[in-house]
Amino acid sequence: MAEKIEHAIQDEYAEDFAWCYGCGRLNQEGHQFRTGWQGEETVTVYTPKPEHTAIPGFVYGGLIASLVDCHGTGSASLALHRKNGFAPGSGEAPPRFVTASLHVDYKKPTPQGKTLKAVGRIEEIHPKKFKILVDVFAEEELVATGEVQAVVMPASFAK
């Protein structure tokens with residue numbers, strides 16, 4: 001059985017910001033990625049669906065990029081929320097981040113039928129900007145690495 005993220009930061013996003021195709025809990029058509037802490041690293045666990053196929057037997061690379069992207073912004077939100085003295089489930093609204101840059105390196109074709117695990121390491125590079133390094137595993141096999149530069153969502157995005 002795959003790991004489960006009990007306290008995901010995405011569960012805390014305000015409704016207006018919970019519609020992302022990758023990690024929005026309110027987007028029933030989306031992936032609904034969930035990111036949480038595992039010690040000092042962040043983790044997102046996801047099992048691709050049969051429709052996430054590139055060629056028979058392998059996962060579409062765009063899904064991997066989406067996983068890295070949403071894991072990165074979720075990880076930045078977790079990090080700043082923790083820095084501010086809070087944790088998912090504390091009742092405080094977490095900061096929301098957007099992607100400033102995304103880089104993905106595919107190491108091996110990703111086999112279909114295996115649970116993916118994104119593991120993030122966070123580096124604060126500015127009070128409102130974080131760099132997240134992400135490794136994506138298909139079970140125990142490293143299939144992709146990525147880097148996300150995430151910035152606090154501008155106030156102009158809010159209604």
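Keep in mind it's a predicted model, so treat the numbers as computed, not measured. Hydrogens, waters and symmetry mates play no part in the numbers below; they use all other heavy atoms, side chains included.
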Problem set entry | Joint cluster assignment, L142 & V134, ILVMFWY side-chain distance < 4.5 Å | no
Exercise. Are V152 and L102 grouped together when hydrophobic residues (ILVMFWY) are joined by side-chain heavy atoms under 4.5 angstrom apart?
Worked result: yes
State, yes or no, whether a side-chain contact exists between [X] and [Y] at a heavy-atom distance under 4.5 Å.
X: F137; Y: V143; answer: no
X: Q149; Y: I125; answer: yes
X: H103; Y: V68; answer: no
X: L133; Y: T145; answer: no
X: Q112; Y: F58; answer: no

Separation of [Y] [atom2] from [X] [atom1] (nearest 0.5 Å):
X: Y46; Y: R34; atom1: OH; atom2: CZ; value: 13.5 Å
X: H71; Y: T44; atom1: NE2; atom2: OG1; value: 4.5 Å
X: L67; Y: L116; atom1: CG; atom2: CG; value: 6.5 Å
X: K128; Y: L80; atom1: NZ; atom2: CG; value: 10.0 Å
X: Y21; Y: E29; atom1: OH; atom2: CD; value: 7.0 Å
X: I122; Y: E40; atom1: CD1; atom2: CD; value: 8.5 Å

For this session: Go through the steps to decide whether L63 and H31 satisfy the test side-chain contact (heavy atoms from CB on, under 4.5 Å), and finish with yes or no.
Result: CA-CA 9 Å; L63 174 76; H31 304 305; 3.3 Å; yes
State, to 0.1 Å, how close [X] and [Y] come at their nearest heavy-atom pair, and which atoms those are.
X: A76; Y: I132; result: CB-CD1, 3.8 Å
X: I9; Y: S77; result: CG1-OG, 3.4 Å
X: C70; Y: C20; result: SG-SG, 3.7 Å
X: V151; Y: A100; result: CG1-CB, 4.1 Å
X: S66; Y: G22; result: OG-CA, 4.0 Å

For this session: May I have the step-by-step check of side-chain contact (heavy atoms from CB on, under 4.5 Å) for T73 and V98, ending in yes or no?
Result: CA-CA 6 Å; T73 56; V98 294; 5.8 Å; no
For this session: Assess R96 against Y13: is NZ or CZ under 6.0 Å from the centre of the six-membered ring, and within 45 degrees of the ring's axis?
Result: yes
Problem set entry | Lys/Arg N to Asp/Glu carboxylate O, D11 vs R25, below 4.0 Å | no
Exercise. Relative to each other, are the rings of H81 and F86 parallel, tilted or perpendicular (30° and 60° limits)?
Worked result: tilted
For this session: Take Q38 and I5 through the side-chain contact (heavy atoms from CB on, under 4.5 Å) test and state the conclusion after the steps.
Result: CA-CA 9 Å; Q38 192 170 70; I5 306 302; over 6 Å; no
Exercise. Does atom CD of E51 have more than 12 heavy-atom neighbours, drawn from other residues, nucleotides or ligands, at distances under 6.0 Å?
Worked result: yes
Exercise. Hey, is OH on Y60 packed in by over 12 heavy atoms from elsewhere, all under 6.0 Å?
Worked result: no
Between the side chain of [X] and the main-chain N/O of [Y], is any donor-acceptor distance below 3.5 Å?
X: T42; Y: W37; result: no
X: E12; Y: G89; result: yes
X: Q10; Y: T35; result: yes

Problem set entry | Working for side-chain contact (heavy atoms from CB on, under 4.5 Å), residues S75 and F130 | CA-CA 9 Å; S75 295; F130 288 76; over 6 Å; no
Exercise. Checking salt bridge (Lys or Arg N to Asp or Glu O under 4.0 Å) against E141, which of K117, K108, K107 comes through?
Worked result: K108
